[in-house]
Asker: 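Quick one: the structure is below, questions incoming.
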Amino acid sequence: MGCVCLRSMPEAANSGLECPEHELHKKEGNQHFAAGDYVKAVAAYNKAIKSDPENGRNDRLRSNRAAAFIHLGKEIKAIKDAEQAIVLKPDWAKGYFRKGSALAALRRWRVMMRVVAD
């Protein structure tokens, strides 16, 4: 569950209600993604991963960036991010979905079927 980003509200200053930097970048990436600006989405997700207090070990950030990479036709990068999401959270289906989507975009049907069947 995400935070309520109040950084722009003066009363939120020093209240402990501000979003961590990586959450702000993730939100920015999600907005760019929704607008169809996948280059800016990837850039925002890159910033989110770099500013993540878990040293980039955030499965959702990797999955979101993988989705943007798929839209940009960068399936190999998407597969790498999806695999990292799977390693970070092996019981989360979306990592496998992202990897399967990238493999389907590459028309690697047999490999994709093995990924989604596991």
Side-chain angles (χ1 to χ4, degrees):
M1 182 171 167
C3 61
V4 177
C5 293
L6 301 173
R7 179 168 272 187
S8 61
M9 298 174 63
E11 62 272 15
N14 300 319
S15 68
L17 296 175
E18 293 185 44
C19 277
E21 184 179 358
H22 72 286
E23 285 290 336
L24 291 170
H25 293 305
K26 177 184 174 188
K27 183 178 178 182
E28 178 187 357
N30 291 347
Q31 290 170 340
H32 289 306
F33 187 93
D37 192 341
Y38 305 113
V39 172
K40 286 184 179 176
V42 167
Y45 294 138
N46 287 342
K47 290 178 186 176
I49 290 167
K50 287 178 184 172
S51 63
D52 181 16
E54 296 179 23
N55 296 320
R57 296 184 51 79
N58 186 313
D59 53 302
R60 283 173 172 70
L61 293 175
R62 300 289 178 171
S63 175
N64 289 0
R65 191 171 69 176
F69 278 140
I70 292 167
H71 282 281
L72 291 171
K74 297 183 178 193
E75 293 85 4
I76 301 302
K77 288 184 176 188
I79 290 168
K80 289 178 182 177
D81 269 351
E83 287 174 343
Q84 287 178 336
I86 291 166
V87 168
L88 294 170
K89 194 162 186 179
D91 60 338
W92 189 48
K94 196 172 270 189
Y96 299 95
F97 174 77
R98 298 286 192 230
K99 184 175 180 180
S101 296
L103 288 165
L106 291 171
R107 306 177 84 57
R108 298 192 56 203
W109 308 115
R110 288 186 183 151
V111 178
M112 185 266 303
M113 292 302 293
R114 285 196 304 265
V115 168
V116 297
D118 288 343

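Values below: all heavy atoms of this structure, side chains included; hydrogens, waters and symmetry mates excluded. All values reported here derive from a predicted model rather than from experimental measurement. All residue numbers refer to positions in the sequence shown, counting from 1.
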Asker: Could you name each residue pair satisfying salt bridge (Lys or Arg N to Asp or Glu O under 4.0 Å) that touches residues 67-80, not counting sequence neighbours?
Answerer: none
Asker: Report the residue from Arg98, Lys99, Lys94, Arg65 that forms a salt bridge (charged side-chain N to carboxylate O under 4.0 Å, His left out) with Asp81.
Answerer: Arg65
Asker: Please report the shortest heavy-atom distance between Gly29 and Ala41, naming the atom on each side.
Answerer: O-CB, 3.6 Å
Asker: If you measure from CZ on Phe69 to CD1 on Ile76, what distance do you get to the nearest 0.5 Å?
Answerer: 12.0 Å
Asker: Which heavy-atom pair separates Ala82 from Ala66 by the least distance, and what is that distance?
Answerer: N-CB, 4.1 Å
Asker: According to a 4.5 Å side-chain heavy-atom criterion applied to Ile, Leu, Val, Met, Phe, Trp and Tyr, with indirect links allowed, do Tyr38 and Val42 form part of one hydrophobic cluster?
Answerer: yes
Asker: In the single-linkage hydrophobic clustering (I, L, V, M, F, W, Y; side-chain heavy atoms under 4.5 Å), do Val87 and Trp92 co-cluster?
Answerer: no
Asker: Does Asn58 reach the side chain of Ile49, with side-chain heavy atoms less than 4.5 Å apart?
Answerer: no
Asker: Do you know which two heavy atoms are closest between Ala102 and Ile70, and how far apart they sit?
Answerer: N-CD1, 3.8 Å
Asker: Is the gap between the ring centers of His32 and Tyr45 under 6.0 Å?
Answerer: no
Asker: Roughly how far apart are Glu28 CD and Leu24 CG, rounded to 0.5 Å?
Answerer: 9.0 Å
Asker: Check for a donor-acceptor pair, side chain of Ser51 on one end and backbone N or O of Lys47 on the other, with a separation under 3.5 Å.
Answerer: yes
Asker: Mind listing the closest non-hydrogen atom pair of Ala85 and Ser63 along with its distance?
Answerer: CB-N, 4.3 Å
Asker: At what distance, to the nearest 0.5 angstrom, does NZ of Lys26 lie from CG of Asn30?
Answerer: 6.0 Å
Asker: Is a side-chain N or O of Tyr96 found less than 3.5 angstrom from the main chain of Pro90, in a donor-acceptor match?
Answerer: yes
Asker: How long is the span from the CD atom in Glu21 to the NE2 atom in His25, to the nearest 0.5 Å?
Answerer: 4.0 Å
